[in-house]
Amino acid sequence: MKNAVSLLCAAAACSFLWLSCAPKQNVELYLDQDVDLEARVEDALSRMSVEEKVAIIHAQSKFSSAGVPRLGIPELWCTDGPHGIRPEVKWDEWDQAGWTNDSIVAFPALTCLAATWNEDMSLLYGRSIGEEARYREKDVLLGPGVNIYRTPLGGRNFEYMGEDPFLAGQLVVPYIPGVQEQGVATCVKHYCLNNEETHRHTVNVDLSDRALYEIYLPAFKKACQEGGSWSIMASYNLYRGEHVCHNDRLLNQVLKGEWGYDGAVISDWGGCHDTDQAIHNGLDLEYGTGTDGLATGTKNEYDNYHLAHPYLQKIRSGEVGTDELDDKARRVLRLIMRTAMRDGKPAGNKCSEQHYQAARRIGDEGIVLLKNNANTLPLNVKGGKILVVGENAVKMMTVGGGSSSLKVQKEISPLDAIRARAAQDGTEVVWARGYVGDVTGSYNGVTTGQDLSEERSAEELIAEAVALAGESDAVIFVGGLNKAKHQDCEGRDRKSMELPYGQDAVVEALAAVGTPLSVVMVSGNAVAMPWVEKVPAILQAWYIGSEAGECIADVVFGDVNPSGRLPFSFPVALSDSPAHQEGMSFPNNNDCFYGEGIFVGYRWFENKGIDVLFPFGHGLSYTTFEYSDASISAKSIKSVQEAVGADVESEKKARKSSTLTVKVSVKNTGDRAGAEVVQLYIQDVEASVERPVKELKGFKKVFLEPGQSKTVSFEINEDMLRFFDDQRHAWVSEKGEFNAIVAASAADIMATLPFSLK
């Protein structure tokens, strides 16, 4: 528990402006406390000594930083996320604290949230995890993550929201107020260019400004400006020779300068390396710097942080002034007052039925039906026999993978959920292991308690599965990746795109039997599928958390109609991916130039004419949809650049009048209720610079009963047509012809509507 300090205990605090704030009874009033926030911050800052200011800008334990007891300002407590609240660790060590009441609900990994293509699910996610954080008295949730998916080998891709900056930006924005309305700050991460894990501390990334501004910054910008995230975590890697945790260009010039960000920049744990750079280059709060706390034997190792005694000594010697210190302390005070000192905070709750229901809803909507020949799914073998094959059908997936490893109250396995659901129809379910993967089942002192040891050979396991498949009416293979090193795991990248542990051989053998086969992939990354033509049905199931098994069973048996869409492309081979072209080796421990520029994900594959296994935005349904009557309200958009900067009202009027509307009717032509994700892409027909074939600029998820139709509409404005001009360092648009493309995926075009910018 935190060392809570009552505001009433400090006589000096009696005149603080914040003491006059009345308790807030609802979210709207509660958020209105920010009205006098700046006055309260400045009042507190004016009363603090230099030593007190230094004390609040660095850690005092693994996950907390100091307050100012003399003034009644409490300490700040962080917790890892973003898929659940991390179990408690000791004050100075990563080892478990041994609590018995820190088990939580594991929510789906953020790849699954991104696959919902549904902002409502993002808001639900934020509110639910925010309540769990608040109940545990946390002030800062270290998440969500929005780094761009640059390669299928990225070990931490499962924590992020895919390859497209627009999709990631749209989905991160609702998550943030969902958390922060609980009085808990989000700490959006990892800002930025953290696209590999193997050499994340040493790789020096460089890229064009156009790629930086068009691909890698937009989701962070939306998180800060539209989501209003109260803190942001700087990444481990270097950018143009400076570590991002103290990078003048990214933190001072872009984040705090161009974007006007007023929140606190928090270092990733151990990401700070230099005192002078930490002072001058935008870092506000330093955590985890090269110590194990008191375990090193030093009286107080936290005083040796770059923003601790070394900083204080430079101030005392006159080597540096205090302007930077005041800015850092001001931002940290602002963060404390928005969270730990927030008046009228909700109580929060954890492991509630509502949270499990939320996790299940998000998981249900995020599962993607990649392939479904001959209506193999949903299963209809009532009274028959189903064979489930694969270690991932029984293995707990919430333990491991790095800082997102969790200690759950419960985790329902796919096998248990499938067995329970099948029993309702009198259907027998048997399990065969099929392959041996990771049998360890522990991370930082949390253990699954599962005994996954196996003495049989790979040949014996396959033979067993094949024999049982011949006796069954349907086969479900549950495989993919896991959270072990060099799988989906922090600190390590995958070594190849192929499935590990000989799973391809298992799938090939099962497909040869002839019994209807469904493959369920549990992973946060794309995998190679050399057997794709031999398997009739494939589900991408992600890491879904506590309700994983229930969600998979919901979709397999048709209780839920799948509506997820891929947030990243599935290439056929690793060599097709942009980060793996000649001269752009991955991983890279030296200078790494992103030579593909803006051509990431589907932008790359379409630009190069490379076929993919499954395209960005792809996902099937158990029903069918028909698009019709696509229209565009006007043939042209008038440029509003002349009005920009004139005055606010003129600019607003110009922008409002300079839009056009795209409409399309979508009808459910099947016999089941379902949801379709209507996607809007924009194509610049002719430009002075190289542009992608098309770019996602809008999407809407529409739920339809059988036979029901709805009209979906999108607004297009000039901002959606712009590209970043490196030479002018500005977003610009060019007069000319464009296409509005209505699609069901990047490869499934429903209508192309031309228009122009005048």
Taking only residues two or more places apart in sequence or in another chain, which ones pass side-chain contact (heavy atoms from CB on, under 4.5 Å) with S496? E498

D576 side chain vs I610 backbone, donor-acceptor pair below 3.5 Å: no

Partner residues of D504 under the salt bridge (Lys or Arg N to Asp or Glu O under 4.0 Å) criterion, sequence neighbours left out: none

Between Q679 and Y681, is any side-chain donor less than 3.5 angstrom from a side-chain acceptor? yes

Rounded to the nearest 0.5 Å, what separation is found between the OG atom of S745 and the OH atom of Y602? 11.5 Å

Salt bridge (Lys or Arg N to Asp or Glu O under 4.0 Å) filter on D120, not counting sequence neighbours, yields none

With heavy-atom distances below 4.5 Å as the criterion, would you say the side chains of I544 and I367 are in contact? yes

Listed once per pair and sorted, the salt bridge (Lys or Arg N to Asp or Glu O under 4.0 Å) pairs that draw on residues 563-575, sequence neighbours left out: R565-E676

Could you pull out all residues at least two apart from W604 that satisfy ring-ring contact (aromatic ring centres under 6.0 Å, His included)? none

By side chain to side chain donor-acceptor pair (under 3.5 Å), R494 pairs with (sequence neighbours left out) none

If I take atom OG1 from residue T116 and atom CZ from residue R361, how far apart are they, to the nearest 0.5 angstrom? 10.5 Å

Give every residue pair that meets the salt bridge (Lys or Arg N to Asp or Glu O under 4.0 Å) criterion with at least one member in residues 604-630, sequence neighbours excluded. E606-K694

Would you find more than 12 non-hydrogen atoms of other residues, nucleotides or ligands less than 6.0 Å from R360 atom CZ? yes

Start with the C-alpha distance between R421 and D559, add both sets of side-chain angles, then the distance that settles salt bridge (charged side-chain N to carboxylate O under 4.0 Å, His left out), and finish with yes or no. CA-CA 10 Å; R421 175 60 178 80; D559 298 330; 2.6 Å; yes

Side chains of N739 and I682: closer than 4.5 Å at any heavy-atom pair? no

If you count heavy atoms of other groups shown closer than 6.0 angstrom to NZ of K667, is the number above 12? no

Among all residues two or more places apart in sequence or in another chain, which pass the ring-ring contact (aromatic ring centres under 6.0 Å, His included) test with F614? H618

Within a radius of less than 6.0 Å around NZ of K485, do more than 12 heavy atoms belonging to other residues, nucleotides or ligands occur? no

Salt bridge R492-E197, side-chain N to carboxylate O under 4.0 Å: no

Contacts satisfying salt bridge (Lys or Arg N to Asp or Glu O under 4.0 Å) that involve residues 362-378 (not counting sequence neighbours) are E365-K701

Is the cationic atom of K697 (NZ for Lys, CZ for Arg) positioned less than 6.0 Å from the six-membered ring centroid of F714 and within 45 degrees of its normal? no

Using the rule side chain to side chain contact (heavy atoms under 4.5 Å, CB included), only one of D438, N392, V436 pairs with Y501; which is it? D438

cation_pi(K410, Y356) dist<6.0 Å, angle<=45: yes

With E596 as partner, the option from R150, R603, Q581, H580 fulfilling side-chain hydrogen bond (donor to acceptor under 3.5 Å, both in side chains) is R150

On the 0 to 90° scale, with breaks at 30° and 60°, tag the Y543-F158 ring pair as parallel, tilted or perpendicular. perpendicular

Would you call the rings of F107 and Y125 parallel, tilted or perpendicular, taking 30° and 60° as the class edges? tilted

What pairs meet the salt bridge (Lys or Arg N to Asp or Glu O under 4.0 Å) rule with one or both residues in residues 505-533, with sequence neighbours excluded? E508-K534

Could you verify whether a donor N or O on one side chain and an acceptor N or O on the other, from T427 and D425, lie under 3.5 Å apart? no

Considering residues at least two apart in sequence or located in another chain, which fulfil the ring-ring contact (aromatic ring centres under 6.0 Å, His included) criterion with F568? Y149, W542, F570

Applying ring-ring contact (aromatic ring centres under 6.0 Å, His included), can you list everything that pairs with H355, at least two apart in sequence or on another chain? none

